[in-house]
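For reference, the structure is listed below as structure tokens.
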Amino acid sequence: MITTLEQFLSAWMQDAFCKALPGVDADWSTVAVVATTSAEFGDYQCNHAMGLAKTLKKAPRQIAEAVISQVSPHDAVEKVTLAGPGFINITIKSVWLAGQVTGLGLDARMGVPQVGQGKTVILDYSSPNVAKPMHIGHIRSTVIGNALDRMHRFLGYRVLSDNHLGDWGTQFGIMIMGYRHFADPKILDTEPVEELERVYVKSYERSKQDEAWLQQARQELVKLQAGDPENRKLWQQFVELSLSEFDHIYKRLDVKFDLIRGESFYNDRLAGVVQSLTEKGIVRESDGATVAFLDDEKLPPCIVKKSDGGFNYATTDLATIQSRVEEFHPDKIIYVTDERQQNHFKQVFAVARKMGCTTKLEHVWFGLMRLPEGTFSTRQGNVIKLEKYLDEAESRALAVVKETSPGMPEEHQRNIARAAGIGGVKYADLSQNPQSLVTFTWEKALALDGNSAPYLQYAYARIASVQDKYRDQFPATKLEDFPILLGEPIERVLAIMILRFPETVMRAAESYKPSVLADYLYELSSAYSTFYQNVPFLKAPEGLRESRVNLCVVVARILRQGLNLLGIETPDRI
RNA sequence: GCGCCUGUAGCCUAAUGGACAAGGCAUCUGACUUCGGAUCAGAAGAUUACAGGUUCGACUCCUGUCAGGCGCGCCA
């Protein structure tokens, strides 16, 4: 079993606590180390002694001292010191560190353990509505969900990514009416989803003024849901048109789903779910509707069957859980949606648990995106289409490429612009806490300098270039024959950061925060840039030269793997 | 009215209850005729919305206030 440096040091400290405080009844597994905030305090610190002071009625420094006296010697540890009110600071031996970095560089997984072996996770993300173009609001669920998807896979989980399309709502009655009366076949050919949205909006407005129109739309919906062949065919067409357009965007974003099952997929189960809820006494009638009242009084009651006999969103989600559990036996189902659905999922999860569902259900929500002047709304016409957003990102990146690499063939320029532009868009969403409210500005979303995707890609490309130059200049030397030496302070900083990769990936996945990984990769690139700019390597004497190039190679591998986990490309030239 | 979330330099963002709050943008200084300047070295910029409380220690936890966002039984 591979353990991370942090896990290893924590276990090592637990042992010392146990020995230093015999007879104390405590759960030593909570003893942990964390990376220090500053190099002057060593590499890792343990703060546990201070927390114990009160219960043990001893001075924290005294406890820490006792612990330090009980640590068992280890090759990895240079020294353990007491500082401040009771911090235990640990400094790692550089020789050991160098060996670990070499080993990690040779490991295909870069030290990341497969903690998810044998476990199945279903990731429900993106989930756009059929017959509406994807807009800028869809990017967060797609990008965050996909990063969680990639990280879980890398950690050894069996992941099933599922795009739970909104393909079965009440909007289809209005949709069908709009299509029949307003659709322009020519536009439908070139811009199908745009056209579908246009006729939907037109039909929707008509329905608000024209009672007969609305009645007719309801009729069409009933016919559709009863399996009327003609309406069914129309619906099928809407779904196919939308899917092919979504596909185009998913290709640009390099997002793939294992399953694309819309709400319609679970249609046959809805009545059964309500029946089973009724039999179990979880629901009762209220104002003509069938409703589950939940134990948590702060949660509104959950309607599973409307007074008109129809089912709704909650019913579908319950049926979806049921179906997924039966078919895939997941250990966990993770939903990635915006913050507005928090209550909805709390309700659904509560009802599912009452039904006996033991699968872990997680709702990962993120803050809404808005404009400086207010929210996006179709009515105000300020919605930014996703396609346009990606185009803009690529064209801004292309302008930078043309300026920095004017001699490069056009095709290469475009490839780099795509990697930097799309990478920049993803990084903008992944590098910050997903739960914060985001105010959209082009300038912010498409920044290409400072803490941005191109900064990380640039660091990677420079290493690729160093490797090429090294091979040209020293074609006969075998890099593998040379050990990594850690002489300069910045080399040591890099080495420690490299060893933190495994624990960072695990923390990012466990907390559902890709930003943890993005932050780490930025810090690694930043440390690398300092190294690159201030320490010679190709010009260094033999031995030192190989050591430094080897260090570069390990950094490059981590950047490549780490950015891949975020869904960001790493071109060799940028 | 009730519930959930957010509030950190001019702007954008970090910080599993730990050491002097960390970066980026913008501003100002510098970087060898250089292993790639989408970079690096440095300067300046903070009463962490406000008031209490818990703690050896609070941006972080609790209470209250203010400001903003979102949600509150048949939309998804």
Side-chain angles (χ1 to χ4, degrees), chain A residues 32 34 36-38 40-41 45 47 50-51 53-54 59-60 83-87 89 127 129 166 168-171 263 286-291 293 297-308 310-314 316-317 337-344 346-347 365 367-368 370 374-375 397 400-401 403-405 420 428 431-433 435-439 441 443-444 447-455 457-459 461-470 473 507 510-511 515-516 519 522-523 526 529-540 545 548-549 552 573-574:
Chain A
V34 289
T36 54
T37 47
S38 160
E40 65 178 299
F41 304 132
Q45 65 185 60
N47 307 327
M50 293 177 288
K54 194 153 201 177
F87 295 104
N89 292 339
S127 311
N129 286 327
W168 201 245
T170 45
Q171 76 267 29
E263 291 160 352
S286 167
D287 294 333
T290 308
V291 180
F293 291 89
E297 282 172 13
K298 283 171 186 165
L299 280 181
C302 178
I303 294 177
V304 295
K305 190 175 179 185
K306 300 185 281 186
S307 52
D308 68 2
F311 305 108
N312 63 11
Y313 187 31
T316 307
D317 271 338
T337 82
D338 74 54
E339 58 183 320
R340 288 175 301 187
Q341 305 201 26
Q342 286 176 85
N343 264 347
H344 164 71
K346 278 184 196 162
Q347 292 174 318
W365 58 266
L368 275 180
R370 52 196 315 265
T375 47
V400 177
V401 177
E403 204 185 307
T404 54
S405 316
S431 63
Q432 63 176 321
N433 183 342
Q435 302 192 337
S436 55
L437 186 94
V438 175
T439 303
T441 61
E443 195 189 317
K444 187 171 51 157
L448 299 172
D449 53 6
N451 187 354
S452 66
Y455 179 93
Q457 290 167 322
Y458 184 65
R462 288 209 292 202
I463 300 176
S465 173
V466 166
Q467 285 180 261
D468 285 353
K469 290 224 163 63
Y470 182 85
Q473 290 175 31
R507 191 159 30 241
E510 277 161 17
S511 59
S515 60
V516 169
D519 252 18
Y522 175 69
E523 270 176 45
S526 181
S529 294
T530 299
F531 173 54
Y532 178 88
Q533 208 88 17
N534 296 296
V535 179
F537 20 98
L538 291 183
K539 288 177 180 167
R545 178 174 61 220
R548 288 174 180 165
V549 174
C552 285
R573 298 281 177 276
I574 182 167

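Order of the sequence lines fixes the chain letters, A, B, ..., with proteins taken first and strands second; residue numbering starts at 1 for each chain. Just so you know, these numbers come straight off a predicted model, no measurement behind them.
Residue contacts for A:Leu299: at a heavy-atom cut-off of 4.0 Å it reaches no nucleic acid atom on any strand shown. Among the atoms of the strands shown, base atoms are found under 4.0 Å from some heavy atom of A:Asp287. Nucleic acid contact for A:Ala289: base, since at least one base atom lies under 4.0 Å from a heavy atom of the residue. A:Lys305 comes within contact range of no nucleotide atom at all, as no heavy-atom separation falls under 4.0 Å. A:Asn47 comes within 4.0 angstrom of a base, heavy atoms only. Across all strands shown, A:Leu368 has heavy atoms under 4.0 Å from sugar-phosphate atoms exclusively, and none from any base. Here A:Arg507 lies out of heavy-atom contact (under 4.0 Å) with every strand.
A side-chain donor-acceptor contact under 3.5 Å links A:Ser511 to the backbone of A:Arg507. Listed for the A:Thr441 side chain is a donor-acceptor partner under 3.5 Å among the backbone atoms of A:Lys444.
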Pair A:Gln347-A:Tyr313, side-chain hydrogen bond (donor to acceptor under 3.5 Å, both in side chains): steps then yes or no:
CA-CA 11 Å; A:Gln347 292 174 318; A:Tyr313 187 31; over 6 Å; no
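In this pair, A:Phe87 lays its aromatic ring flat on the base of B:A19, centres within 5.5 Å and planes under 30 degrees apart. Both thresholds, 5.5 Å between centres and 30° between ring planes, are not jointly met by A:Tyr458 relative to the base of B:U39, so the two rings are not stacked.
Taking the side chain of A:Val291 as heavy atoms from C-beta on, and the options B:G37, B:G71, B:G73, the nearest nucleotide is B:G73. Nearest to the side-chain atoms of A:Pro85 among the listed nucleotides B:C35, B:A38, B:G18 stands B:G18. Taking every side-chain heavy atom of A:Tyr522 into account, B:G24 is the closest of B:U55, B:G24, B:A76. Of all nucleotides listed (B:U39, B:A38, B:C35), B:U39 comes nearest to the side chain of A:Tyr455. The side chain of A:Ile303 lies closest to B:G73 when the candidates are B:G73, B:C40, B:U39. In this structure, the nucleotide among B:A19, B:G37, B:A76 sitting nearest to the side chain of A:Glu263 is B:A76. Of the candidates B:A76, B:A14, B:G36, the closest approach to any side-chain atom of A:Asp519 belongs to B:A14.
Between the side chain of A:Asn89 and the base of B:A19, at least one donor-acceptor pair of N or O atoms lies under 3.5 Å. Applying the 3.5 Å distance criterion, the base of B:C74 shares a donor-acceptor pair with the side chain of A:Ser307. Put simply, the side chain of A:Gln347 and the base of B:C72 share no donor and acceptor less than 3.5 Å apart.
Salt-bridge formation is not detected for the pair A:Asp287/A:Lys306: no Lys NZ or Arg NE/NH1/NH2 atom is positioned less than 4.0 Å from an Asp or Glu carboxylate oxygen.
Mapping A:Val516 and A:Gln533 onto RNA chain B by nearest heavy atom places A:Val516 closer to the 5' end of the strand.
Taking a pair to require two hydrogen-bonding distances under 3.5 Å in either a Watson-Crick or a G-U wobble arrangement, B:U27 pairs with B:A43. Base-pair partner of B:C56: B:G18 (Watson-Crick or G-U wobble, both distances under 3.5 Å). For B:U65, the paired nucleotide is B:A49, the pair qualifying as Watson-Crick or G-U wobble because both relevant distances are below 3.5 Å.
Per the geometry, CG belonging to A:Asn451 stands 12 Å off P belonging to B:U13, to the nearest Å.
The closest side-chain donor-acceptor pair between A:Gln342 and A:Trp365 falls under 3.5 angstrom.
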